[in-house]
There are 2 protein chains.
Amino acid sequence: MVDMTDTAATGTDLAGLAGLLADRTRATVCLALMDGRAWTATELARHAGVAPSTATEHLNLLVAGGLLTDVRQGRHRYVRLAGTPAAELVERLAAAAGELAPADGGGAERPAPSSLTAVHRRHALAAARTCYDHLAGRLGVAVTDALTARGYLSWDRGLTLTDDGDAWFAVLLDGASWPPASRRPVVRSCLDWTERRPHLGGAAGAALCTHAVEASWVVRAGRTRALRLTDAGRSALRDVLGLDLT
Amino acid sequence: MVDMTDTAATGTDLAGLAGLLADRTRATVCLALMDGRAWTATELARHAGVAPSTATEHLNLLVAGGLLTDVRQGRHRYVRLAGTPAAELVERLAAAAGELAPADGGGAERPAPSSLTAVHRRHALAAARTCYDHLAGRLGVAVTDALTARGYLSWDRGLTLTDDGDAWFAVLLDGASWPPASRRPVVRSCLDWTERRPHLGGAAGAALCTHAVEASWVVRAGRTRALRLTDAGRSALRDVLGLDLT
DNA sequence: GCGCTGGTTCGGCGCCGGCCGAAGCGTCGC
DNA sequence: GCGACGCTTCGGCCGGCGCCGAACCAGCGC
């Protein structure tokens with residue numbers, strides 16, 4: 001819960017924060033970083049289609065604004081989203097950008113049928129993707145539902161991990177990385193903007209996602225946030241969760 | 001229902017939406033509207049400290065962007081947040097503006113604790129105020145309800161004043177200023193923006209308001225539109241309308 | 001009819017910010 | 001040492017946008 005008394009954001013504050021995301025290039029950068037990984041400055045520059053010098057300026061702004069953090073390593077500058085609040089903000093805003101009606105009576109259609117590859121990418125994202133550092137899309141929601149159906153997650157009085165669920169995670173992760181060490185909330189409900197239903201976030205969601213990648217349940221589709229479920233992943237999910245994905 | 005496959009926000013989309021809130025004036029407007037009420041264009045212009053023409057442009061942008069909706073009523077333009085998603089977005093962004101670390105060590109302090117008087121004024125306005133020239137707020141709606149309950153107002157096929165109602169006004173106003181001389185409609189339904197319910201406007205509403213002020217049923221709170229119900233007014237309303245206000 | 005007032009449209013002004021290319025600086029590998 | 005590479009800093013260009021004032025339009029009351 002947020003402390004409201006301290007949240008007396010002035011118009012200037014709000015405008016400042018929104019201004020960070022109000023630029024096409026910066027927005028593209030933030031969306032790219034939603035895969036939870038750290039990108040180098042030049043990678044982002046290429047991705048956004050601007051000169052390296054331009055990217056530097058944008059990254060400086062975003063870091064100064066608290067949305068991104070960077071790490072210098074050798075001659076590289078690695079940049080990532082600053083944390084869960086930042087990721088949530090971008091996610092929320094991106095979702096709203098799709099939801100909100102244009103209100104101009106349907107004059108400007110979507111800019112164009114968009115390239116065919118864009119359509120494919122969209123479908124891939126809706127099927128399975130990472131949301132910051134955990135699973136999202138139909139896959140993420142399905143996994144969350146399965147965890148709930150088996151009694152590993154409880155939604156009474158907020159989302160909690162049951163004792164059975166804790167045990168399940170311990171077995172799955174082989175004790176090595178469980179329970180999580182960080183102070184971060186173990187489970188957290190994250191609203192999925194393609195499914196409009198919650199999926200599992202938090203430390204548990206992150207650990208599960210990490211495991212899924214390491215165990216090759218899923219593979220990243222190129223450089224995007226999209227994931228592709230492997231055959232091994234499909235059978236593994238059936239084994240450990242009784243989840244039958246077509 | 002929105003087509004899901006279309007909900008893949010691009011950097012441009014995100015930037016566009018964020019851009020709506022990336023201006024100090026527009027952000028101030030949206031924050032002001034967070035009280036759920038509808039404001040007139042000039043009220044907002046004054047509140048934000050810009051010329052009316054400037055406010056018009058901003059409001060057009062916000063409406064076109066789907067964040068705000070407006071209703072023309074007479075010569076006024078009432079504006080309010082488009083809906084729950086829009087309000088949630090602003091809320092979220094405002095909260096994040098407070099949460100996110102400034103990252104610059106914390107130079108500029110908060111300008112002011114956002115006066116306590118503003119809160120008081122809001123409450124006072126919701127309780128009772130003038131709406132152009134008639135009573136509004138909880139008081140205005142309560143009076144209107146009482147008039148209806150006693151059969152003085154009829155809402156079949158539009159709002160009309162019944163014969164009993166006409167007589168009631170004649171008695172109350174002592175014949176002097178009744179019936180009203182102007183060509184203005186005698187009764188008129190006016191939507192109350194704090195109560196979201198209709199209250200009485202038109203010549204009858206204006207006459208009633210005038211009488212209420214002259215008979216000291218209510219007194220104006222300073223220079224604002226807010227009204228304060230006096231003890232005399234409370235007992236008078238009980239006498240003439242059977243209206244029991246706590 | 002007239003005057004008042006709330007709102008909008010239109011020109012024009014000034015500034016801010018995004019962009020680039022060129023030059024500079026550090027790191028890495030040879 | 002040297003070049004290659006990643007990144008940054010600095011001018012400078014240009015478009016866009018927020019602002020205003022003046023004129024105009026439309027309700028409303030008289």
Side-chain angles (χ1 to χ4, degrees), chain A residues 11-12 14-16 18-30 38-65 68 70-79, chain B residues 11-12 15-16 18-30 38-65 68 70-79 130-134 177 179-188 190 201-207 209-210 225:
Chain A
T12 311
L14 212 173
L20 284 179
L21 295 169
D23 174 77
R24 177 205 174 98
T25 302
R26 286 195 294 271
T28 304
V29 165
C30 288
W39 295 46
T40 74
T42 34
E43 276 176 340
L44 289 171
R46 252 206 326 269
H47 179 74
V50 294
S53 58
T54 306
T56 293
E57 293 175 5
H58 287 305
L59 294 180
N60 288 342
L61 286 176
L62 288 168
V63 169
L68 267 46
D70 58 351
V71 178
R72 315 273 170 153
Q73 211 172 102
R75 51 182 169 183
H76 294 281
R77 179 193 198 179
Y78 286 100
V79 179
Chain B
T12 311
L20 284 179
L21 295 168
D23 174 76
R24 178 205 173 97
T25 300
R26 285 195 296 270
T28 304
V29 164
C30 288
W39 293 48
T40 74
T42 33
E43 277 174 340
L44 288 171
R46 253 205 328 267
H47 179 75
V50 294
S53 57
T54 306
T56 293
E57 293 176 3
H58 287 304
L59 294 180
N60 287 341
L61 285 176
L62 289 169
V63 169
L68 267 46
D70 57 353
V71 176
R72 317 274 170 149
Q73 193 166 302
R75 53 182 168 183
H76 294 281
R77 179 194 198 177
Y78 286 99
V79 178
T130 51
C131 173
Y132 192 40
D133 60 359
H134 52 270
S177 53
S182 73
R183 253 172 304 170
R184 182 181 184 186
V186 178
V187 289
R188 185 179 159 75
C190 183
C209 180
T210 303
R225 301 161 52 197

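What's counted below: heavy atoms across the whole structure, side chains too, no hydrogens, waters or symmetry copies. To find a chain, count down the sequence lines: A is the first, B the second, and so on, and within it residues start at 1. Treat the numbers as computed from the prediction; the structure is a model and nothing was measured.
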Nearest whole Å is fine: how far is [N] [atom2] from [X] [atom1]?
| X | N | atom1 | atom2 | result |
| --- | --- | --- | --- | --- |
| B:Leu44 | D:dC19 | CG | P | 14 Å |
| A:Leu21 | C:dG18 | CG | P | 12 Å |
| A:Asp23 | C:dG17 | CG | C1' | 9 Å |
| B:Asn60 | D:dG18 | CG | C1' | 14 Å |
| B:Trp39 | C:dG7 | CH2 | C1' | 18 Å |

Subject >> Closest listed nucleotide, where the reference is the side chain of B:Ser53 and the choices are D:dC7, D:dC20, D:dT9 >> reply: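 Shortest atom-to-atom distance from the side chain points to D:dC20.
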Subject >> Nearest listed nucleotide, side chain of A:Pro52, among D:dC19, D:dT8, C:dG6 >> reply: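 So the side chain of A:Pro52 is nearest to D:dT8.
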**OP:** Determine the contact category for B:Arg72: base if any of its heavy atoms lies under 4.0 Å from a base atom, sugar-phosphate if only primed atoms, P, OP1 or OP2 are that close, otherwise nothing.
**Re:**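 Sugar-phosphate, backbone atoms only, no base.
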**OP:** Just call it for B:Thr56: base, sugar-phosphate, or nothing, with non-hydrogen atoms closer than 4.0 Å on any strand.
**Re:**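 Base contact - B:Thr56 has a heavy atom under 4.0 Å of at least one base atom.
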**OP:** Spell out, as yes or no, whether a donor-acceptor pair under 3.5 Å connects the side chain of B:Arg26 to the backbone of A:Ala15.
**Re:**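 Checking the backbone N and O of A:Ala15 against the side chain of B:Arg26, no donor-acceptor pair under 3.5 Å is found.
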**OP:** Would you confirm whether B:Glu43, through its side chain, and B:Thr40, through its main-chain N or O, come within 3.5 Å as a donor-acceptor pair?
**Re:**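 Answer holds: yes.
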Original post:
Checking side-chain contact (heavy atoms from CB on, under 4.5 Å) for the pair A:Asp70/A:Arg72: CA distance, chi angles, key distance, verdict?
Top reply: CA-CA 7 Å; A:Asp70 58 351; A:Arg72 315 273 170 153; 3.6 Å; yes
Original post:
Should the heavy atoms of other residues, nucleotides or ligands under 6.0 Å from CZ of B:Arg24 be counted, would the total exceed 12?
Top reply: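 Result for CZ/B:Arg24: open.
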Original post:
In terms of the nearest nucleotide of DNA chain C, which residue is placed more toward the 5' end: B:Ala41 or B:Glu57?
Top reply: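 Closer to the 5' end of DNA chain C: B:Ala41.
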Respond yes when some side-chain nitrogen or oxygen of [X] is under 4.0 Å from OP1 or OP2 of [N], and no when none is.
| X | N | result |
| --- | --- | --- |
| B:His58 | D:dC19 | yes |
| A:His76 | D:dC5 | no |
| B:Arg24 | D:dG18 | no |
| B:Arg77 | C:dG6 | no |

**OP:** Assess whether one donor atom and one acceptor atom, taken from the side chain of B:Thr40 and the base of C:dG7, lie less than 3.5 Å apart.
**Re:**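 Absent.
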Original post:
Under 3.5 Å, is there an N or O donor on one side and an acceptor on the other linking the side chain of B:Thr25 and the base of D:dG18?
Top reply: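 Side chain to base: no pair present.
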Subject >> Where protein sits on nucleotides 25-30 of chain C, one letter per nucleotide: B base, S sugar-phosphate only, - none, heavy atoms under 4.0 Å >> reply: --BS--
Original post:
Checking side-chain contact (heavy atoms from CB on, under 4.5 Å) for the pair B:Val79/B:Leu44: CA distance, chi angles, key distance, verdict?
Top reply: CA-CA 9 Å; B:Val79 178; B:Leu44 288 171; 4.3 Å; yes
Original post:
Does a side-chain heavy-atom distance below 4.5 Å link B:Leu68 with B:Cys30?
Top reply: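 Yes; the side chains approach each other to less than 4.5 Å.
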Subject >> Pairwise distance CZ(B:Arg77) to OG1(B:Thr42) - rounded to 0.5 angstrom >> reply: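 It is 11.0 Å, given to the nearest 0.5 Å.
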